[in-house]
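Working notes, beginning with the structure itself.
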Amino acid sequence: MIRIHLTAADFAGVRFAARPAPLQELNSAFLMLFRPDEELLFGNWRRRLLTSLPAAVEPLGDLVPALEAPAFLDVFSDSLHEGLDTVRATPADVVRSELERVNARRRSPAPLWIRDLHRGDASAWQVLRRAQQAAFEAVLRPVWPVVQDLHRAEFARHALTVAEHGVGAALTELVPGSRLHEGVWELDAPVEQDVRLGGRGLVLVPTFHWTGHPVVADVPDGPLFLTCAAGPGLPLSLAGAGDAESALAGVLGQTRFDALLLLTQEHTTSDLARRLRVSNATASTHAAALRGAGLVSTVRAGKSVLHRRTALGSLLVQGRRAGVRTGPAGGAAPVVRQPTGDSGGRTTRALG
């Protein structure tokens, strides 16, 4: 059981990682690669990867004896290059103590390059950097756009839950089966950990290559990172990029997703309604829901109300291009689904 103790101030310091972390996602993928269960869904994926990994990746196996990795590999930068630099910048005493910890039960002598890394040899660090870079290219690069899309969808889901139900509800929804009782967030895990935040902050990091229990990383002089399983629960090569393209729309609801795409520029409520082909009241309801999640801002200008996407809203649709068609009057209008009687479409049900 993992128990995270949160004060009222700690709840204000909970945040969701804005972007996926390449090296942490890679760590999760390797955990899943060598996990013995879920053969039906992951067996072919494991066999394909194990037979296709380049030789440059092999040193990572030396670094993780008995599937226990040194803590200096837990890096949460959203840039691969910066993450690799962060690993290299680990203090020498931390590298030594972590290598000694994970190799304590090794029955045979550690490989020469590991002993060189223990001494701080520059060439050993180059071996590690090449191994991590090669592993990312082989395992994650082909599906990285899918990871990014899925992360945006989880980001949106979390933001909407916080807006509608509060941080506590968002935490328990993020990890199904977890419980929040009197300021203690309890998560099922095969380890016993009690963590008190003490004002450091808590960063929630979804991973799309791991289906097991949450994993805590207690970074020195930094926030607590909680990595938890998310996404489709199967290899992303099977999930398909086409499904990922609709992931964010599935969370927001298609009409609200279309509204978010339109609001890169200011629109009045009536103009938004016309472009979405819904009533003014429905457009106002959608704008209010997006505003409550921090995705849209609204200001009054005379008799009109103007809506525009916020920086957070832009982050969620970053890199997407709206699918548009020309309306009967010649203006561009997003392709929207037909309403089903629930405030303009599928969105009320999707958000509730």
Side-chain angles (χ1 to χ4, degrees), residues 20-39 41-90 94-95 98-103 105-148 205 207-212 215 217 227 229 231 234-239:
L23 289 185
Q24 185 61 13
E25 192 69 29
L26 183 63
N27 293 346
S28 298
F30 273 98
L31 278 175
M32 202 67 199
L33 182 62
F34 294 103
R35 188 172 159 182
D37 58 352
E38 300 203 33
E39 172 67 16
L41 289 177
F42 287 88
N44 288 337
W45 173 78
R46 288 169 177 145
R47 285 185 287 273
R48 179 180 58 80
L49 275 184
L50 287 172
T51 56
S52 63
L53 287 175
V57 176
E58 292 178 6
L60 293 181
D62 300 331
L63 195 61
V64 188
L67 299 183
E68 186 171 8
F72 60 80
L73 295 184
D74 290 329
V75 173
F76 295 88
S77 170
D78 59 18
S79 159
L80 178 61
H81 181 76
E82 289 180 4
L84 294 171
D85 287 346
T86 299
V87 174
R88 179 62 182 90
T90 306
V94 174
V95 174
E98 280 299 295
L99 289 177
E100 291 165 8
R101 180 180 65 83
V102 301
N103 284 278
R105 295 192 297 274
R106 186 191 286 270
R107 295 182 179 180
S108 57
L112 178 61
W113 87 271
I114 294 289
R115 285 176 272 166
D116 290 342
L117 188 65
H118 186 269
R119 291 194 296 268
D121 183 79
S123 63
W125 277 109
Q126 284 299 318
V127 169
L128 175 55
R129 188 183 186 98
R130 284 196 299 269
Q132 289 183 295
Q133 179 78 57
F136 179 86
E137 297 299 328
V139 179
L140 292 185
R141 180 70 72 188
V143 297
W144 195 243
V146 181
V147 171
Q148 292 173 311
V205 184
T207 175
F208 308 99
H209 282 83
W210 173 246
T211 62
V215 179
T227 301
L234 69 162
L236 297 188
S237 56
L238 298 180

Residues which pass salt bridge (charged side-chain N to carboxylate O under 4.0 Å, His left out) with Arg35, listed by chain and number, not counting sequence neighbours |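 Residues passing salt bridge (charged side-chain N to carboxylate O under 4.0 Å, His left out) with Arg35: Asp37, Glu38.
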
Asp121: salt bridge (charged side-chain N to carboxylate O under 4.0 Å, His left out) partners, not counting sequence neighbours |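 Per chain and number, Asp121 pairs via salt bridge (charged side-chain N to carboxylate O under 4.0 Å, His left out) with no residue.
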
Mind listing the closest non-hydrogen atom pair of [X] and [Y] along with its distance?
X	Y	result
Pro22	Asp78	CD-C, 3.7 Å
Val57	Ala135	CG2-N, 3.6 Å
Arg47	Thr51	O-OG1, 2.9 Å
Ser108	Arg106	O-CD, 2.8 Å
Ala29	Leu140	CB-CD2, 4.5 Å

Considering residues at least two apart in sequence or located in another chain, which fulfil the side chain to side chain contact (heavy atoms under 4.5 Å, CB included) criterion with Pro142?
->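 None.
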
Is there a side-chain contact between [X] and [Y], using heavy atoms and a 4.5 Å cut-off?
X	Y	answer
Gln132	Leu84	yes
Asp85	Arg129	yes
Pro59	Leu128	no
Leu63	Leu99	yes
Leu23	Ser77	no
Val64	Val102	no
Asn27	Leu31	no
Thr86	Phe76	no

Give the table of side-chain donor-acceptor pairs shorter than 3.5 Å for residues 111-120, with sequence neighbours excluded, one pair per line with atom names and distance.
residue	atom	partner	partner atom	Å
Trp113	NE1	Asp62	OD2	3.0
Arg115	NE	Ala110	O	2.9
Arg115	NH2	Ala110	O	3.2
Asp116	OD1	Arg119	NH2	2.1
His118	NE2	Glu100	OE2	2.8

Rounded to the nearest 0.5 Å, what's the gap from [atom1] on [X] to [atom2] on [Y]? Could you check?
X	Y	atom1	atom2	result
Thr90	Glu98	OG1	CD	9.5 Å
Trp210	Thr227	CH2	OG1	11.0 Å
Leu49	Phe34	CG	CZ	9.5 Å

Any donor-acceptor N/O pair, Gln148 side chain to Pro20 backbone, under 3.5 Å |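 Side chain of Gln148 to backbone of Pro20: no pair is present.
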
Would you find a donor on one side and an acceptor on the other, under 3.5 Å apart, between the side chain of Arg46 and the backbone of Met32?
->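 Yes; judged by distance alone, with no hydrogens or angles, the pair exists.
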
Measure up the Trp45 and Phe42 rings against each other and bin them: parallel (under 30°), tilted (30 to 60°), perpendicular (over 60°).
->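 Rings of Trp45 and Phe42: perpendicular, over 60°.
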
Excluding sequence neighbours, so at least two apart, what forms side-chain hydrogen bond (donor to acceptor under 3.5 Å, both in side chains) with Glu68?
->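 By the side-chain hydrogen bond (donor to acceptor under 3.5 Å, both in side chains) rule, Glu68 matches Arg101, Arg105.
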
All ring-ring contact (aromatic ring centres under 6.0 Å, His included) counterparts of Trp144, not counting sequence neighbours =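 Only Phe136 meet the ring-ring contact (aromatic ring centres under 6.0 Å, His included) criterion with Trp144.
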
